[in-house]
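Position 1 is the first residue of the sequence, and the numbers go up from there. Remember, predicted model here, so these are calculated numbers, not experimental data.
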Amino acid sequence: METITSENPTIPAPPSEPASPQRSPLRAAIKTGRPQEWIKNLFVFAGLLFSGKFNQSYEVLQAVLTFVAFCAISSAGYYVNDLVDVELDRKHPKKRTRPLAAGELSERAAMTIAPALAVVAIALAFAAVNWQVGLMVIGYGAAQMAYSFGLKQIVIVDVMTLSGLFILRVAAGASAVDAHASEWLLLCTGMFALFLGFTKRRQEAVSELHEGTSSRPVLEHYSLPFLDQMVALVTTGTVISYSIYAVDSPIVGNKMMWTIPPVVYVIFRYLYLIYDRADDRSIAAIVSRDKGMVAGFAAWVVIAFALLYVFK
């Protein structure tokens, strides 16, 4: 797509023959766990930040342990997902390079690593944090399993399931530091997750349309006009719900409104990349590598921290 800006659009690479295995078994195992996706687990720190306990070492430690537990359980889920989708992934021009699809990691090894990661995550949550977080980690793992084995094939329910996983992260993080996750915080988290989910589905639909592939059956039930409507709806819901939360912050009141501009910028920037730049990278890649997104998130963190800990 040509535009008047100087930024280069992301153009899907043409299908290519699968490359011969190049990663060692250890690197393949790490790659399958998707450590780059752990950025999503930063939502567990929301309770710590908004409760004003970021300067309390014990609470920080509890939040970090919760983060580690969610990283382990989410990686276990990625193993299960790749095991279930291994044949479909081999037909996809990009996903065919995943270690399981490319034959760099055996299915037997993956079936051993996945439950081991889940056990570590659950044990860490129960032993080092508290039983509430432990139950939420179990619930998170169960939801991932349900998603991999069926829910991801049900239109709309697939995205709502992913939204629920984000809400669980926030709720667990709040429980870990003995803080109350307000209803508005959970609502705007859910809306933001729906925003990410529907924009991701649109990316996938456009990519498969251009490449002529069909590796995610649920996309047959999503049309681009419908996805555009859903994106518009959840974008509005995300901005409004966060704005209402910021107007009535339990600690600093309406001063949190200063964080609204970077939030709006991040959302609009993300839409710009998806629609105008045809960016087909993963959510984690866009959030962590696009300079505009990084700057927007950094501004939000700095402003929120200053309001909650310096000028409150």
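Rounding to the nearest 0.5 Å places CG of Leu185 at 9.5 Å from CG of Leu49. Taken from CD1 in Ile30 to CD in Gln36, the straight-line distance is 11.5 Å, to the nearest 0.5 Å. In this structure, Leu165 CG and Phe70 CZ are separated by 9.0 Å, a value rounded to the nearest 0.5 Å. The CZ atom of Phe226 sits 5.5 Å away from atom CZ of Phe198, with the distance rounded to the nearest 0.5 Å. To the nearest 0.5 Å, atom CD of residue Gln153 and atom OH of residue Tyr147 are 8.5 Å apart. One distance of note links CG of Leu100 with CG of Asp89; it measures 8.5 Å at 0.5 Å rounding.
Cluster annotation: Trp300 and Val247 are assigned to the same hydrophobic cluster (Ile/Leu/Val/Met/Phe/Trp/Tyr, side-chain heavy-atom contacts under 4.5 Å, transitive). Residues Tyr78 and Ile39 do not share a hydrophobic cluster, clusters being chains of Ile/Leu/Val/Met/Phe/Trp/Tyr side chains in contact below 4.5 Å. Transitive grouping of hydrophobic side chains (ILVMFWY, heavy atoms separated by less than 4.5 Å) keeps Ile73 and Val120 in distinct clusters. Clustering ILVMFWY residues whenever any of their side-chain heavy atoms sit less than 4.5 angstrom apart, transitively, puts Leu187 in the very cluster that holds Met230. Both Ile260 and Ile251 are part of a single hydrophobic cluster, where members link through side-chain heavy atoms under 4.5 Å apart.
Scored by the side chain to side chain donor-acceptor pair (under 3.5 Å) test, Glu37 finds Lys40 as partners (sequence neighbours excluded). Not counting sequence neighbours, the partners of Thr259 by the side chain to side chain donor-acceptor pair (under 3.5 Å) test are Tyr242.
By the 6.0 Å contact criterion, CE on Met257 is open, its count of non-hydrogen atoms from other residues, nucleotides or ligands being 12 or less. Crowding of Met111 atom CE: a count of heavy atoms from other residues, nucleotides or ligands under 6.0 Å exceeding 12.
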From CA spacing to verdict: side chain to side chain contact (heavy atoms under 4.5 Å, CB included), Asp82, Arg34:
CA-CA 11 Å; Asp82 285 5; Arg34 313 263 221 289; 2.8 Å; yes
Apply the test side chain to side chain contact (heavy atoms under 4.5 Å, CB included) to residues Thr238 and Val263: give CA-CA distance (whole Å), side-chain angles for both, the deciding distance (0.1 Å), then the verdict.
CA-CA 10 Å; Thr238 301; Val263 168; 5.6 Å; no
Could you give me the CA-CA distance, side-chain angles and deciding distance for Trp258 and Val252, then say whether side chain to side chain contact (heavy atoms under 4.5 Å, CB included) is met?
CA-CA 11 Å; Trp258 289 103; Val252 296; over 6 Å; no
Any chance you could lay out the side chain to side chain contact (heavy atoms under 4.5 Å, CB included) test for Leu105 and Lys31, step after step, and finish with the verdict?
CA-CA 10 Å; Leu105 184 69; Lys31 178 71 174 179; over 6 Å; no
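Between Val129 and Gln62, the shortest heavy-atom distance links the atoms CA-NE2, 3.4 Å. Here the shortest heavy-atom pairing between Arg202 and Asp228 reads NE-OD1, 2.6 Å. Annotation for Val231 and Leu271: closest pair CG1-CD2, 3.6 Å, computed over non-hydrogen atoms. Across Phe126 and Ile138, no two heavy atoms sit closer than the pair CE1-CD1, 3.6 Å. Nearest heavy-atom pair, Ser288 versus Val294, reported as atom, atom and distance to 0.1 Å: O-CG2, 3.5 Å. The two atoms that bring Gly33 and Trp38 nearest to each other are O-NE1, 3.9 Å, heavy atoms only.
By the 4.5 Å heavy-atom criterion applied to side chains, Phe297 and Leu42 are not counted as neighbours. The shortest distance between side-chain heavy atoms of Phe45 and Val64 falls below 4.5 Å. Residues Asn81 and Lys152 are in side-chain contact: their nearest non-hydrogen atoms beyond the backbone lie under 4.5 Å apart. Here the side chains of Trp184 and Asp248 are not in contact, with every heavy-atom distance at 4.5 Å or above. When side chains are defined from C-beta on, Arg277 does not count as touching Ile286, because their heavy atoms never get closer than 4.5 Å. The shortest distance between side-chain heavy atoms of Arg201 and Val159 falls below 4.5 Å.
Between Arg289 and Asp279 no salt bridge is recorded (no basic side-chain N to carboxylate O distance below 4.0 Å). Looking at Lys200 and Asp158, no side-chain N of the basic residue comes within less than 4.0 Å of a carboxylate O on the acidic one, giving no salt bridge. Ion pairing between Lys95 and Asp85 fails under the 4.0 Å rule for side-chain N and carboxylate O.
A donor-acceptor pair under 3.5 Å links the side-chain atoms of Ser74 to the main chain of Cys71, judged by distance alone. The backbone N or O of Leu83 lies less than 3.5 Å from no partner atom in the side chain of Glu107, so there is not a single donor-acceptor pair. The backbone N or O of Tyr79 sits nowhere less than 3.5 Å from a side-chain atom of Thr32 that would complete a donor-acceptor pair. Remark: side-chain polar atoms of Ser163 are not paired, donor with acceptor, to backbone N or O of Ala193 under 3.5 angstrom.
Ring geometry for Tyr245 against Phe50 counts as perpendicular: the plane angle is over 60°, on a 0 to 90° scale with 30° as the lower cut.
Remark: Arg169 qualifies as a cation-pi partner of Phe166 under the 6.0 Å distance and 45° angle criteria applied to the six-membered ring.
Ring centroids of Phe195 and Tyr270 are separated by less than 6.0 Å, placing the two rings close together.
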